[in-house]
Amino acid sequence: MDELKKTSGMDFLSVREAISKELGSLSPEERGDLGLPEVFPEKNELKIEFTIPTLTKEQVLDSIQILKSHIENLRIHTFESGYYTIQALNENLFDTKNILETVRFRFVSSRTSSKIEISKKGNYKSEELFAIFNLYKYFLSGSGKKTQNPKELLLKLGISVYDPIEEELKGEQLDFGWIAGYENVKREIKDSIILPIQNPNAFEEISKLTRKHPSRNRPRAVLFEGDPGVGKTTMAKIVSYLCKIPMIYVPIETILSKYYGESSQNLAYVFDAASLFPSSIIFLDEIDSLAGSREEGLFEATRNLLSVLLRKLDGFEGKPGSMTLGATNRKQDLDPALLSRFDKSIYFPLPDLEERTAILGNFAIHLDEDSRRRVAEKLNKTSGRNIKDFCDYVERKWTARLLESKNEIIAPPVELYLEIADIVRN
């Protein structure tokens, strides 16, 4: 291994010797069903190949993470059932010179056998051999059957996972009370999302009693629509907590990429990793940015992204106790095919006077009901998030005044709320 660190490139004989030295010392018991990797030249390439007992998508995802830990820049060249190709890119992503000569990792599965093929024109780099060694060791004696923690897989992509069980142990308790008002929205969410997830058998029994050909009557995907800041993301988190299943929060910036094909690969990766959970909720925020209407004329990359999204939504439908939630403030921009995948759309309006007053009850508890209503009247057409931001600003302004005047710390008066509400409104 020390010799590899000093070597910038290794030819056929050096590669074979390094593999024999690193992996040949493993006992037959340690190697199990895996034979040692074969090294041979073929069509101007140097190939390394070894058979594996099984190959699943989960194992491919694990393998990608192993490769990524040694090779900085990778792309998924092919991702089809039974055939997956991962290709290394140049150190400088903008340098496409000799791109066809970089190392490729092929994962091939058939009815009778599975194998991993590695090929490259020219010499192998030390980091590429380290990747091969660790890939081989991963599949040793059936260890490749172990799947990585899906939460870890998603975190490496920048996707956060809200785990209600963990949060509850930390003392967090979420319920509908976190969002003031919106009683009709809460009823729709309970009937369309929470009860179907918690009681799938009851819905199936009703289907058997009412339909000539019993079929699924539970929603596979639900769309939250409404202006920014009206509580769509918070409501998805509440659903996750009440159902006690993890929520995979997918912020748009972690999926989209300027490199061709990478956005589609990232999105497919999210759904594949989510399928490793027994049950889960995928929350796609700002879904209109993922896939707009095809009538507007899409670039090919966006078309591919939409195609992957539609296919994955259909596939994720079959996971028991799982559901996809989407959020948008531009429903009219969504592609019709994408809209058709959502069984239900739930609209989150801007809060009315009563709801604005109730929201202020969460962030200005020292004010009486009449005072909160007076402030709420001045905050017409304001979202819940903006009301919170408004209260934050009032508190900062008041704290600064108290510190400057060296007065005792007391809660801000209603007059300051009304004064700043007039400024914000104008």
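Worth knowing before you read on, the calculation uses all heavy atoms, side chains too, and leaves out hydrogens, waters and symmetry mates.
- Formation of a donor-acceptor pair under 3.5 Å by the Arg372 side chain with backbone atoms of Leu367 is found in this model.
- Taking a 6.0 Å sphere around OH of Tyr393, one finds it holds 12 or fewer heavy atoms contributed by other residues, nucleotides or ligands.
- Between Glu45 and Lys121, none of the side-chain N atoms (NZ, or NE/NH1/NH2) sits under 4.0 Å from a carboxylate O, so this pair counts as no salt bridge.
- Atom-to-atom distance recorded for Arg187:CZ and Ile194:CD1 is 10.0 Å, nearest 0.5 angstrom.
- In this structure, Asn134 contributes its side chain and Phe130 its backbone to a donor-acceptor pair below 3.5 Å.
- Residues Lys237 and Trp178 fail the side-chain proximity criterion, which asks for heavy atoms closer than 4.5 Å.
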Thr54 vs Gln59, test: side chain to side chain donor-acceptor pair (under 3.5 Å). Steps then yes/no. CA-CA 9 Å; Thr54 61; Gln59 291 170 332; 3.2 Å; yes
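- In this structure, Lys120 and Leu46 have side chains that are not in contact, with every pair of non-hydrogen atoms separated by 4.5 Å or more.
- Between the side chain of Thr234 and the backbone N or O of Gly231, no donor-acceptor pair lies under 3.5 Å.
- Across all their heavy atoms, Gln198 and Leu242 have their closest contact at NE2-O, 3.1 Å.
- Arg220 and Thr324 share no donor-acceptor pair across their side chains, judged by distance under 3.5 Å alone.
- Remark: Lys244 NZ is packed, more than 12 non-hydrogen atoms of other residues, nucleotides or ligands lying under 6.0 Å away.
- The distance from atom CG of Asn362 to atom NZ of Lys388, rounded to the nearest 0.5 Å, is 11.5 Å.
- Judged by distance alone, the side chain of Tyr241 and the main-chain N or O of Glu172 form a donor-acceptor pair under 3.5 Å.
- Shortest non-hydrogen contact noted between Ala131 and Ile66 is O-CG2, 4.3 Å.
- Under a 3.5 Å cut-off, the side chain of Arg341 and the backbone N or O of Ala337 do form a donor-acceptor pair.
- Within the model, atoms CD1 of Ile86 and CD1 of Ile76 stand 5.0 Å from one another, a figure rounded to the nearest 0.5 Å.
- A heavy-atom distance below 4.5 Å is found between the side chains of Tyr417 and Phe390.
- Distance alone, capped at 3.5 Å, is enough to place a donor-acceptor pair between the Lys232 side chain and the Gly226 backbone.
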Take Ile132 and Tyr124 through the test side-chain contact (heavy atoms from CB on, under 4.5 Å) and record every step on the way to the result. CA-CA 11 Å; Ile132 294 169; Tyr124 280 80; 4.1 Å; yes
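- Rounding to the nearest 0.5 angstrom, the gap separating the CZ atom in Phe277 from the CE atom in Met247 is 11.5 Å.
- Under the 4.5 Å side-chain criterion, counting only non-hydrogen atoms from C-beta, Ile52 is not in contact with Lys115.
- Side-chain rings of Phe107 and Tyr83 stay apart, their centers remaining 6.0 Å or farther from each other.
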Would Val230 and Tyr347 satisfy side-chain contact (heavy atoms from CB on, under 4.5 Å), going step by step from the backbone distance to the final call? CA-CA 10 Å; Val230 292; Tyr347 178 64; over 6 Å; no
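- A distance-only check finds a donor-acceptor pair linking the side chain of Ser240 to the backbone of Ile245 [under 3.5 Å].
- In this structure, Ser322 contributes its side chain and Ser280 its backbone to a donor-acceptor pair below 3.5 Å.
- Counting non-hydrogen atoms of other residues, nucleotides and ligands closer than 6.0 Å to CG of Asn44 gives a total of 12 or fewer.
- Contact check on Asp352 versus Arg356 returns no salt bridge, with no Lys/Arg side-chain nitrogen under 4.0 Å from an Asp/Glu carboxylate oxygen.
- The pair Lys186-Glu183 counts as a salt bridge, with a side-chain nitrogen and a carboxylate oxygen less than 4.0 angstrom apart.
- Smallest separation of non-hydrogen atoms from Thr357 and Glu369: CG2-OE2, 3.5 Å.
- Around atom CD1 of Ile365, no more than 12 heavy atoms belonging to other residues, nucleotides or ligands sit under 6.0 Å away.
- A heavy-atom distance below 4.5 Å is found between the side chains of Pro251 and Ile159.
- Checked against the 6.0 Å centroid threshold, Tyr136 and Phe50 count as a close aromatic pair.
- Side chains of Tyr182 and Glu188: no donor on one and acceptor on the other come within 3.5 Å.
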Go through the steps to decide whether Phe79 and Val60 satisfy the test side-chain contact (heavy atoms from CB on, under 4.5 Å), and finish with yes or no. CA-CA 10 Å; Phe79 205 90; Val60 174; 4.0 Å; yes
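- A side-chain donor from one of Ser371 and Asp368 sits under 3.5 Å from a side-chain acceptor of the other.
- A heavy-atom distance below 4.5 Å is found between the side chains of Leu284 and Ile282.
- Taking CZ of Arg385 as the reference point, atom CG of Asp227 lies at 10.5 Å (rounded to 0.5 Å).
- Asp285 and Ala327 make their closest contact through OD1-CB, 3.5 Å (heavy atoms, listed as atom of the first residue, atom of the second, distance).
- For the pair Asp392 and Phe363, the minimum side-chain heavy-atom distance is 4.5 Å or more.
- Val250 and Val270 make their closest contact through CG2-CG1, 3.9 Å (heavy atoms, listed as atom of the first residue, atom of the second, distance).
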With side chain to side chain donor-acceptor pair (under 3.5 Å) as the test, would you mind laying out the steps for Thr328 and Asp288 before giving the verdict? CA-CA 6 Å; Thr328 180; Asp288 42 85; 2.4 Å; yes
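- In this structure the side chain of Leu195 reaches within 4.5 angstrom of the side chain of Lys190, judged on heavy atoms.
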Ser345/Glu225 under side chain to side chain donor-acceptor pair (under 3.5 Å): CA gap, chis, key distance, verdict: CA-CA 7 Å; Ser345 178; Glu225 57 167 319; 2.8 Å; yes
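- The backbone N or O of Ile189 sits nowhere less than 3.5 Å from a side-chain atom of Ser192 that would complete a donor-acceptor pair.
- Classification of Glu354 and Arg373 as a salt-bridged pair holds, one side-chain N sitting under 4.0 Å from a carboxylate O.
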Given side chain to side chain donor-acceptor pair (under 3.5 Å), test Gln65 with Tyr138 step by step and report yes or no. CA-CA 11 Å; Gln65 293 303 319; Tyr138 169 72; over 6 Å; no
Show your reasoning for whether side-chain contact (heavy atoms from CB on, under 4.5 Å) applies to Gln173 and Glu167. CA-CA 8 Å; Gln173 293 184 349; Glu167 296 304 319; over 6 Å; no
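- Considering all non-hydrogen atoms of both residues, Gly384 and Ile359 come closest at CA-CD1, 3.9 Å.
- Residue Ser119 forms a side-chain hydrogen bond (donor to acceptor under 3.5 Å, both in side chains) with just one option from Arg106, Lys47, Arg104, and that option is Arg106.
- Glu168 contributes atom CD, which lies 10.5 Å from atom CG of Asp163 (distance to the nearest 0.5 angstrom).
- Ion pairing of Glu166 with Lys151 is present here, as a side-chain N (NZ or NE/NH1/NH2) and a carboxylate O approach within less than 4.0 Å.
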